[in-house]
Amino acid sequence: MDIWGDIKRTFKEGSVLTRLIYINIGVFLVLKIIGVVFYLAGQPFSLVDWLAVPSVTSELLHRPWTPLTYMFLHVGFLHLIFNILGLYWFGQLFLYHFEGSKLLSVYLLGGLMGAAFYIVAYNMFPVFDSVYGLLLGASASIMAVLVAVSFYDPNREIYLFFIGKFPLKYVAAFYVLLSVIGISTSNPGGNIAHLGGALWGWFYISQLRRGKDWGAGLVDLIDRLAESLKGSFKPRSRMKVTYKQPPRNDHDYAHQQHLKQEEINRILDKIGKSGYENLTKEEKELLFKQGKK
């Protein structure tokens, strides 16, 4: 079975939502496999430490890529599954109203806003003075998608297990409230990041209603980078292109050759009468070119 071929085909032909899900799953599997290799080699090194957002700003300066990479990392299988399910459900609702490029921008910028909230909180509030934390997971990005679509279509009903149909605005409000309460009970960094993502989702839709798409610039940048990378890896053609002159008219060609020959004969007669040194510069050049043929 050509499983890898099917994956590549569905990734290429799928929506932005499909690609985001594939990237999250792919990063999880690759890091787990690399972790197995390091484990068997007796090395305690973990790539997650280099891809998650550190709470200490001095370390963040040495790993500036982490506010982007953290939103594709997951600790365990259940962490991955719950985030993938949330991304799929709320991403589908988002794509019902908007194109995939907007989903991509909300996911990325919501994750960046979540990382910003996390970094500021851990370096501002006294409770985190002696705490070293690492932020990872797609929750802030998913929260941005959820709040964005619920703010745009608040009364849309969705089906919840054991509850039934429920307006989307209450689902978003419940998760935001849960994140606020969770700051003092469990996973404070993650819940703070959720609030950053929620704020971006609300801000994005409020600005979009005013005709401002704050994610368009990021999407354009990603498109240009993708095109440049595609061009770099595209094999160069070895085909040599030559251009043929249009076919000449035999009558015109013969007439031109006749005029040229008459000019040569005139120059030769002039040499015979007054000598070579009395020729003009143009006459000498024409005679020289004729002698090279």
Phe98 ring center near Tyr152 ring center (under 6.0 Å): yes
cation_pi(Arg156, Phe166) dist<6.0 Å, angle<=45: no
Pairwise side-chain contact, Met143 with Val147, heavy-atom cut-off 4.5 Å (strictly under): yes
Close side-chain approach of Ser139 and Asn83, heavy atoms under 4.5 Å: yes
Ring center gap for Tyr118 and Tyr122 short of 6.0 angstrom: yes
Residues that Phe203 engages under ring-ring contact (aromatic ring centres under 6.0 Å, His included), provided they are two or more places apart: Trp200, Trp214
Scan the side chains in residues 20-29 for donor-acceptor partners under 3.5 Å anywhere in the protein, sequence neighbours excluded, and list what turns up.
{"from": "Tyr22", "atom 1": "OH", "to": "Thr10", "atom 2": "OG1", "distance (Å)": "2.8"}
{"from": "Asn24", "atom 1": "ND2", "to": "Leu20", "atom 2": "O", "distance (Å)": "2.8"}
{"from": "Asn24", "atom 1": "ND2", "to": "Tyr107", "atom 2": "OH", "distance (Å)": "3.2"}

Smallest separation among heavy atoms of Ala140 and His194, with atom names: N-CD2, 3.9 Å
Contacts of type ring-ring contact (aromatic ring centres under 6.0 Å, His included), residue Tyr39, not counting sequence neighbours: none
Closest contact, heavy atoms only, Ala121 versus Ile192: CB-CD1, 3.7 Å
Audit row: Tyr204, Asp213, side chain to side chain contact (heavy atoms under 4.5 Å, CB included) steps and yes/no: CA-CA 7 Å; Tyr204 179 82; Asp213 186 353; 2.8 Å; yes
Shortest non-hydrogen separation from His74 to Ala138 and the atoms involved: NE2-N, 3.6 Å
Trp65 side-chain N/O to Trp50 backbone N/O, donor-acceptor pair under 3.5 Å: yes
Donor-acceptor under 3.5 Å (Ser55 side chain, Gly133 main chain): yes
Heavy-atom donor-acceptor pair, Asn191 side chain to Asn187 backbone, under 3.5 Å: yes
Sub-4.5 Å side-chain heavy-atom contact between Pro67 and Leu60: yes
Closest approach of Ala144 to Gly110 (non-hydrogen atoms, all atoms of both residues): CB-CA, 3.7 Å
Nearest heavy-atom neighbours spanning Ile119 and Asn123: O-ND2, 2.7 Å
Under 4.5 Å side-chain linkage, directly or through intermediates, the cluster mates of Tyr96: none
With sequence neighbours excluded, residues passing side-chain contact (heavy atoms from CB on, under 4.5 Å) with Ser15: Leu17, Thr18, Leu95
Under 3.5 Å: donor-acceptor pair, side chain of Arg63, backbone of Pro54: no
Listed partners of Phe90 passing ring-ring contact (aromatic ring centres under 6.0 Å, His included), at least two apart: none
